[in-house]
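Working notes, structure below.
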Amino acid sequence: MKTFNEQCYDLLMQITKGKVTTYKLIAEALNTKAYRAVGNAMKNNPNVLTVPCHRVVNSNGYVGGYVNGIEKKIELLKNEGIYISDNKIINLSGYLFRF
DNA sequence: CCCTTGACCAAAC
DNA sequence: GGTTTGGCCAAGG
């Protein structure tokens, strides 16, 4: 059995460019309700190149947090065609990734 | 084993 | 719309 964060990373790596997901969906995909634990896993993220944690946002549409700074996260998403206004995703439901 | 900490969530106000 | 409150779960001290 992989650790909780390993499972989170596996899911994140499945996300294609231009798509996003939420902490809740990740937890749901793991058949748990550890929303907060998912966030903890992101913080423990070993490497942003293998784990695109910038594609994970809050369920309410807000960007959430990022180790390198929220602005950096916004910039990365914007670079993938996802626009953000006042720290929240414009059309979240349209960009959600299907696991 | 108990307590604290989080990149959270939903509901209520 | 924002802010507060209670709940949720894993990991570390």
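Residue-level contact check: A/Val67 touches the bases, meaning some heavy atom is under 4.0 Å from a base atom. Contacts of A/Ala34 with the nucleic acid, taken as non-hydrogen atoms under 4.0 Å apart, involve only primed sugar atoms and P, OP1 or OP2. Heavy atoms of A/Tyr23 sit under 4.0 angstrom from at least one base atom.
When each of A/Tyr35 and A/Tyr62 is assigned the nucleotide of DNA chain C bearing its nearest heavy atom, the one mapping closer to the 5' terminus is A/Tyr62. Residue order along DNA chain B, read from the 5' end via each residue's closest nucleotide, puts A/Asn40 first among A/Asn40 and A/Asn60. Residue order along DNA chain B, read from the 5' end via each residue's closest nucleotide, puts A/Met42 first among A/Met42 and A/Lys24.
Two residues are said to be in side-chain contact when any heavy atoms from C-beta on lie closer than 4.5 Å; A/Tyr9 and A/Pro46 meet this criterion. Proximity of A/Leu11 to A/Phe99: side-chain heavy atoms (C-beta onward) are separated by under 4.5 Å at one or more points. A/Asn60 has its side chain out of reach of A/Thr22: every pair of non-hydrogen atoms, C-beta onward, lies at least 4.5 Å apart.
First and last contacts of DNA chain C with chain A, using any nucleotide atom under 4.0 Å from a protein heavy atom and ordered 5' to 3', fall at C/dG2 to C/dA11.
Nearest approach of A/Ile15 to A/Arg55, heavy atoms of both residues: O-NH1, 3.0 Å.
Remark: side-chain polar atoms of A/Lys17 are not paired, donor with acceptor, to backbone N or O of A/Glu80 under 3.5 angstrom.
Screening A/Val56, A/Leu76, A/Ile74 against A/Tyr66 for a side chain to side chain contact (heavy atoms under 4.5 Å, CB included) leaves a single residue, A/Leu76.
Protein atom CG of A/Leu76 is 18 Å distant from nucleotide atom P of B/dA7, rounded to whole Å. Computed from coordinates, the A/Ile70 CD1 to B/dC8 P distance equals 10 Å when rounded to whole Å. Summarising the geometry, the separation between NZ on A/Lys88 and P on B/dA7 is reported as 22 Å, rounded to the nearest angstrom.
Taking the P atoms as reference points, C/dG7 lies 22 Å from B/dA7, given to the whole Å.
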